[in-house]
2 protein chains.
Amino acid sequence: MPTYKLTYFPIKALAEPIRFMLSYLNKEFEDVRVKKEDWPQYKESMPFGKLPVLEVDGKQLHQSTAITRYLGKQANLAGKNDWEALQIDMAVETLHDFRAAVAGFWYDDNEETRAKKKEVVLKETAPFYLTKFNEQVGNNGGYLANGALSWGDVYFVAVADYLSFMLGYDLFEKYSNLKTLKDNVLATPGIKSWVEKRPQTDL
Amino acid sequence: MPTYKLTYFPIKALAEPIRFMLSYLNKEFEDVRVKKEDWPQYKESMPFGKLPVLEVDGKQLHQSTAITRYLGKQANLAGKNDWEALQIDMAVETLHDFRAAVAGFWYDDNEETRAKKKEVVLKETAPFYLTKFNEQVGNNGGYLANGALSWGDVYFVAVADYLSFMLGYDLFEKYSNLKTLKDNVLATPGIKSWVEKRPQTDL
């Protein structure tokens, strides 16, 4: 059996989809959480100087989405054919567009431009994307695509706490189909037990 | 035979990888180029209000990377197994990290923050990523991954003009392995003839 070692910061954010997928697959993994002050001593050894990194039998994998898709294939959560795989990929890439907009204000350290961007995100971007996603999940039986659970759903729900934290509100609250999506993902046994035992963090 | 209609702006940027892949596959496609002033009348009808959109037999597909990966599978340019597919995905996602940094200054309309971000990109981010990519291509026989041509290579070369335009210099010039990668992609017959006949645009 391969050994898994995941390295990230002490938050959910972009590592949580990987933690969810490993848990779904019932894989044991070492969950290394690097404190901000220790990061400089790790950075050099990471591909392209970023986290999360998942080591599989010592081989370094990077990029949150690529890793989650790969694990999703192992779990048969990547669609029944190329067309279905495409529908999942489209949804996840769109989620990243939304995340980029939210992160765009969140990580802006210029007070003035930050406030302007935040207003646009809260008034326009977030309602736009969340309404569309909510509709899409309504049309797909409680999932993002293909009427069935996929790694895309796992990604969405795992990263949602991070998005909600940046937005300042629980994104599931006003969107009932997204709430159903969340319930569907969190009901799967491996993920359920991970969420019960994981370290409690805000984002 | 399916019909293909690609809608984007009159530039290469994020549609060019799709144009490259369709050309590689020898697919005829309608290449709709929407002028900026006409965009508002199209926006509503596009999924999530964005371009590029590829219609396959009238079905709308969106998201540049998802579409290019899908076409890449049809062309057998998506790796021989899940592990190889992952290596390609990791490279492309990293390319998007780099692109996001470059676009981060390019599309910033605040003069002061733009200048600061641009300096960081030109002095640090771009040399960092391009050196790493150059090394990676050197280690993979002139390709980004797996020692073989993939849709990731096609994506990289197709989007490079856009990156070079924003950076203000030809990114292939100083990085000889990346130049080899470019030559390898542009030597494939379908892409070669597309590049010869495509509309001439800066980015």
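Model, not experiment: these values are computed from the prediction. Just so we're on the same page: letters track the sequence lines, and every chain starts at 1.
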Name the region of A:Thr113, side chain, backbone, both or neither, that has any atom closer than 4.5 Å to a heavy atom of chain B. side chain
When every non-hydrogen atom of B:Arg99 is compared with those of B:Leu163, the smallest separation belongs to CA-CD2, 3.8 Å
Return the minimal non-hydrogen interatomic distance between A:Gly190 and A:Asn26, and the atom names on each side. CA-OD1, 4.3 Å
With a sphere of 6.0 Å drawn around NZ of A:Lys73, does it hold more than 12 non-hydrogen atoms of other residues, nucleotides or ligands? yes
Portion of A:Asp82 that has a non-hydrogen atom of chain B nearer than 4.5 angstrom: both
Okay, side chain of A:Gln60, backbone of A:Ser45: is any donor-acceptor separation there less than 3.5 Å? yes
Anything in residues 133-155 of chain A with a heavy-atom distance to chain B below 4.5 Å? Please list those residues in order. A:Phe133, A:Gln136
Can you say whether A:Phe48 sits under 4.5 Å from chain B via the side chain, the backbone, both, or neither, judging by heavy atoms? both
State whether the number of non-hydrogen atoms from other residues, nucleotides or ligands found under 6.0 Å of A:Tyr169 atom OH is greater than 12. yes
Of all the residues in residues 122-131 of chain A, which have a heavy atom that comes within less than 4.5 Å of a heavy atom in chain B? A:Phe128, A:Tyr129
Take a 6.0 Å sphere around CD of B:Glu119 and say whether it holds more than 12 heavy atoms from other residues, nucleotides or ligands. no
Which atom pair, heavy atoms only, marks the closest approach of A:Asp202 to A:Lys12? O-NZ, 4.2 Å
Salt bridge (charged side-chain N to carboxylate O under 4.0 Å, His left out) between A:Arg198 and A:Asp31, worked out: CA-CA 10 Å; A:Arg198 70 181 171 184; A:Asp31 187 33; over 6 Å; no
Comparing B:Val92, B:Asn110, B:Val56, B:Thr94 against chain A, the one with the most heavy-atom pairs below 4.5 Å turns out to be B:Thr94
Is A:Gln87 in contact with chain B via its backbone, its side chain, both, or neither, using a 4.5 Å heavy-atom distance? side chain
How far apart are the C-alpha atoms of A:Tyr175 and A:Lys182, what are their side-chain angles, what is the distance that settles it, and do they pass the side-chain contact (heavy atoms from CB on, under 4.5 Å) test? CA-CA 11 Å; A:Tyr175 300 93; A:Lys182 182 185 179 181; over 6 Å; no
Value rounded to 0.5 Å, distance of CE in A:Met90 from CG in A:Leu95: 13.5 Å
Could you check, using the six-membered ring where one of them is a Trp, whether B:Trp194 and B:Phe29 have ring centers closer than 6.0 angstrom? yes
Heavy-atom closest contact (A:Met21 atom, A:Ala75 atom, distance): CE-CB, 3.7 Å
Please answer whether the main-chain N or O of B:Thr65 pairs with a side-chain N or O of A:Glu93 as donor and acceptor at a distance below 3.5 Å. yes
Residue from A:Gln74, A:Lys132, A:Lys50, A:Arg69 scoring the most non-hydrogen pairs under 4.5 Å with chain B is A:Arg69
Among A:Gly49, A:Ala78, A:Ala85, A:Ala66, which residue forms the greatest number of heavy-atom pairs with chain B at distances under 4.5 Å? A:Ala66
Among B:Leu25, B:Val159, B:Val185, B:Leu71, which one satisfies side chain to side chain contact (heavy atoms under 4.5 Å, CB included) with B:Phe20? B:Val185
Can you say whether A:Ile88 sits under 4.5 Å from chain B via the side chain, the backbone, both, or neither, judging by heavy atoms? neither
Quick one: what part of A:Lys116 sits under 4.5 Å from any heavy atom of chain B, side chain, backbone, both or neither? neither
